Amino acid sequence: MIPQAPKGTDDILPPASEKWRTLLRGFEDLARRYGYALTMTPLFEATELFSRGVGEETEVVEKQMYTFADKSDRSLTLRPEATASVVRAYLGAGLQGVFKGYYAGPMFRYEQPQSGRRRQFFQVGVEYLAEPSPDADVEVIEVGYRLLADAGVTGVGVRLNTLGDPADRAAYRDELRSFLRGRAGDLSPDARRRLEGNPLRVLDSKADAEVVADAPAPIDSIGGEAAAHFSGVRAGLDRAGIPYEIAPRLVRGLDYYNRTVFEYVSADYTAAQDALGGGGRYDPLAEMLGGPPVAAVGLAMGVDRIVLAMPDPEPAGPDVFVVLADPQRRAEALGMVGRLREAGLWAEMDLGERSLKAQFKVAGRRSARLVAVVGDEWDEGEVTVRRMADGEESRVAIEEVPAWASR
RNA sequence: GUGACCGUAGCUCAGGUGGUUAGAGCGCCAGGUUGUGGCCCUGGAGGUCGGGGGUUCGAGUCCCCUCGGUCACCCCA
């Protein structure tokens, strides 16, 4: 038996890989235009980084981590997300002041796969450190919005909420907890279990939607500064022309968030796992990791999901497919392919020993624009070039072929 | 972790109540045209019926286990 790819992992092959390539290149250009620098961190980290950074009581840490002991018995974990790593790297390098980093890479969570949810999945993201201005939130939200727009994803909208500052959050947590206790009989078992530890997580539970609809929302109990910050974010989004809706129950599952949280959805991509990306402000994280306070906001985009929502690209093929009519002239044909490539063209040739007819068939299947026939006319210094779309043929001088094909 | 549905050629699928050499379409390779693709015709290659165990004279078909897929819950990108 051929070994299978592990459950919840994917091989990215053509034609889908073309969408990946488009998106990844687009993201890199985009991030650089906004001033973010490439930031690479390890795929595995000390387990403690995530339990402290992401939060002991979160779903991710409780049951979704790929944790293992290495040969020296260190507890390591395949990263379930990258934000904690970037902050660790910033603190560890002794960096100070504003830092803007972007990353792209696989993340790992031990979950039951379904549409848009994989055990190894790919995120691209940006982190904007040491900048408390609401305009930083706006910029980050804009990057994700642009990425989706550039990728051709339609019907994109932003869901926005604020969780307030840690003090607001603590007060709100108590308020929510007492509300939920009063309705404990109506709650799902999961929700009852979470009630004491991390009641905010009950808010985005589908099973408890009815109860939650009557619950107080975090947005109603935030303090003055956080409220002003939120107004600033909203004003900035309006200025940037980014459509958003307030989602009072949006909390997101990671403990480090404060104030702004957001996610992207598309009206034209409907699956249970519909968030194409998300993020928020996480001012408390640096201190949670034992560092000094560092204001921060960031986002992560789910590439696997975005690719599902992207339109199919135009099929692309070689500019010139060189075909061998006379096997004696193989060396000449290979030389021609080489010259075409040097000229910057996409040139191919079938390296098997197939009939002319079969070679044409391959050229057609590959969506070649032109086919150059290397045969007897080579003695006269020419090749026959056929335009595949309409079958029109012309004789072209050998040295003219690259220029001819470039038109 | 839970639930539902599903695993037969590269792909999409047929294979009443268990019974001789497991089929089709598409794709692939070759030929029809030894210098020409897309259409058509002909031929060919390709399957331990996801894997293991069991029942039976006999299992693709029945039973159990297991691996994987799809979708949903949970949660998140």
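Throughout, protein chains are lettered first and strands after them, A, B, ... in sequence-line order, and every chain is numbered starting at 1. These numbers come from a predicted model, not from an experiment.
- Between the NZ atom of A:Lys7 and the C1' atom of B:G7 there is a distance of 14 Å, rounded to whole Å.
- Rounded to a whole angstrom, the distance from the P atom of B:G58 to that of B:G46 is 30 Å.
- Taking atom P on both nucleotides, B:U8 is separated from B:U33 by 40 Å, rounded to a whole Å.
- Distance noted for atom P between B:C26 and B:G43: 13 Å (whole Å).
- In terms of polar N and O atoms assigned as donor or acceptor, the side chain of A:Glu377 comes within less than 3.5 Å of the base of B:G35 in a complementary pairing.
- Ring geometry for A:Tyr264 versus A:Phe262: interplanar angle over 60°, hence perpendicular rather than tilted (30 to 60°).
- A:Glu81 comes within 4.0 angstrom of no nucleic acid atom, judged by non-hydrogen atoms across all strands.
- Residue A:Ala300 is classed as a sugar-phosphate contact, given heavy-atom separations below 4.0 Å to backbone atoms only.
- Using a 4.0 Å heavy-atom distance criterion, A:Gly375 is classed as a base contact.
- Contacts of A:Ile306 with the nucleic acid, taken as non-hydrogen atoms under 4.0 Å apart, are absent.
- For A:Arg117, whose side chain is taken as the heavy atoms from C-beta onward, the closest listed nucleotide among B:C75, B:G38, B:G69 is B:C75.
- Comparing the same atom, C1', in B:C62 and in B:A4 gives a spacing of 22 Å after rounding to whole Å.
- To the nearest 0.5 Å, atom OH of residue A:Tyr257 and atom CZ of residue A:Arg169 are 10.5 Å apart.
- Residue A:Ser355 places no side-chain N or O under 4.0 Å from the OP1 or OP2 atom of B:U34.
- In this structure, A:Glu111 reaches the bases: a heavy-atom distance under 4.0 Å links it to at least one base atom across the strands shown.
- Rounded to the nearest Å, the gap between the P atom of B:A45 and that of B:C29 is 16 Å.
- Here the side chain of A:Gln112 is nearest to one of B:U2, B:G68, B:C74, namely B:U2.
- B:C5 and B:G69 make up a base pair, with Watson-Crick or G-U wobble contacts both under 3.5 Å.
- One finds no salt bridge joining A:Asp29 and A:Arg32 here, because no Lys/Arg side-chain nitrogen approaches an Asp/Glu carboxylate oxygen to under 4.0 Å.
- In this entry the distance linking CG of A:Asp304 with P of B:U70 reads 12 Å, nearest Å.
- Looking at A:Glu127 and A:Thr83, their side chains do bring a donor and an acceptor atom within 3.5 Å of each other.
- Put simply, CZ on A:Phe321 is 18 Å from P on B:G35, counting in whole angstrom units.
- Along RNA chain B, the nucleotide nearest A:Gln123 and the nucleotide nearest A:Glu353 are compared for position; the residue whose nucleotide lies closer to the 5' end is A:Glu353.
- The CG atom of A:Leu324 sits 12 Å away from the P atom of B:G35 (whole-angstrom rounding).
- Contact of A:Gln114 with B:C75 (side chain to base): no donor-acceptor pair of N or O atoms is detected under 3.5 Å.
- The residue A:Thr384 sits close to a base: some heavy atom pair falls under 4.0 Å.
- Remark: the A:Glu393 side chain and the B:U36 base include a donor-acceptor N/O pair separated by less than 3.5 Å.
- Between B:G44 and B:A24, the two P atoms lie 11 Å apart (nearest whole Å).
- With values rounded to the nearest 0.5 angstrom, A:Tyr36 atom OH is found 9.5 Å from A:Leu30 atom CG.
- Residue A:Arg109 is classed as a base contact, given a heavy-atom separation below 4.0 Å to a base.
- Between the CD atom of A:Gln4 and the P atom of B:U70 there is a distance of 12 Å, given to the nearest Å.
- Here, B:A59 and B:U21 have their P atoms 12 Å apart, quoted to the whole Å.
- Ring geometry for A:Tyr90 against A:Phe99 counts as tilted: the plane angle lies between 30° and 60°, on a 0 to 90° scale.
- A:Gly125 comes within 4.0 angstrom of no nucleic acid atom, judged by non-hydrogen atoms across all strands.
- Taking the charged nitrogens against the carboxylate oxygens, A:Asp137 and A:Arg259 have no contact shorter than 4.0 Å, which rules out a salt bridge.
- The distance from atom CZ of A:Arg354 to atom P of B:C28 is 11 Å, rounded to the nearest whole Å.
- Using the Watson-Crick or G-U wobble rule with both distances under 3.5 Å, B:A24 pairs with B:U12.
- Applying the 4.0 Å criterion to OP1 and OP2 of B:U70, one finds that A:Arg118 has a side-chain N or O inside that range.
- When heavy atoms are screened at a 4.0 angstrom cut-off, A:Gly352 is found touching no nucleic acid atom at all.
- Across the P atoms, B:C13 and B:G35 are found 42 Å apart, a figure rounded to whole Å.
- A sub-4.0 Å separation between OP1 or OP2 of B:C29 and a side-chain N or O of A:Arg365 is present.
- Base pairing annotation: B:C29 forms a Watson-Crick or G-U wobble pair with B:G43, both donor-acceptor distances under 3.5 Å.
- Judged purely by atom type and a 3.5 angstrom limit, A:Arg79 has no side-chain atom pairing as donor or acceptor with the backbone of A:Glu45.
- With rounding to whole Å, A:Lys357 atom NZ is found 10 Å from B:C40 atom C1'.
- The residue A:Gly391 sits close to a base: some heavy atom pair falls under 4.0 Å.
- As a whole-Å value, the separation of A:Gln359 CD from B:G31 P is 12 Å.
- Comparing A:Gln64 and A:Thr9 by the nucleotide of RNA chain B that holds the closest heavy atom to each, the one mapping nearer the 5' end is A:Thr9.
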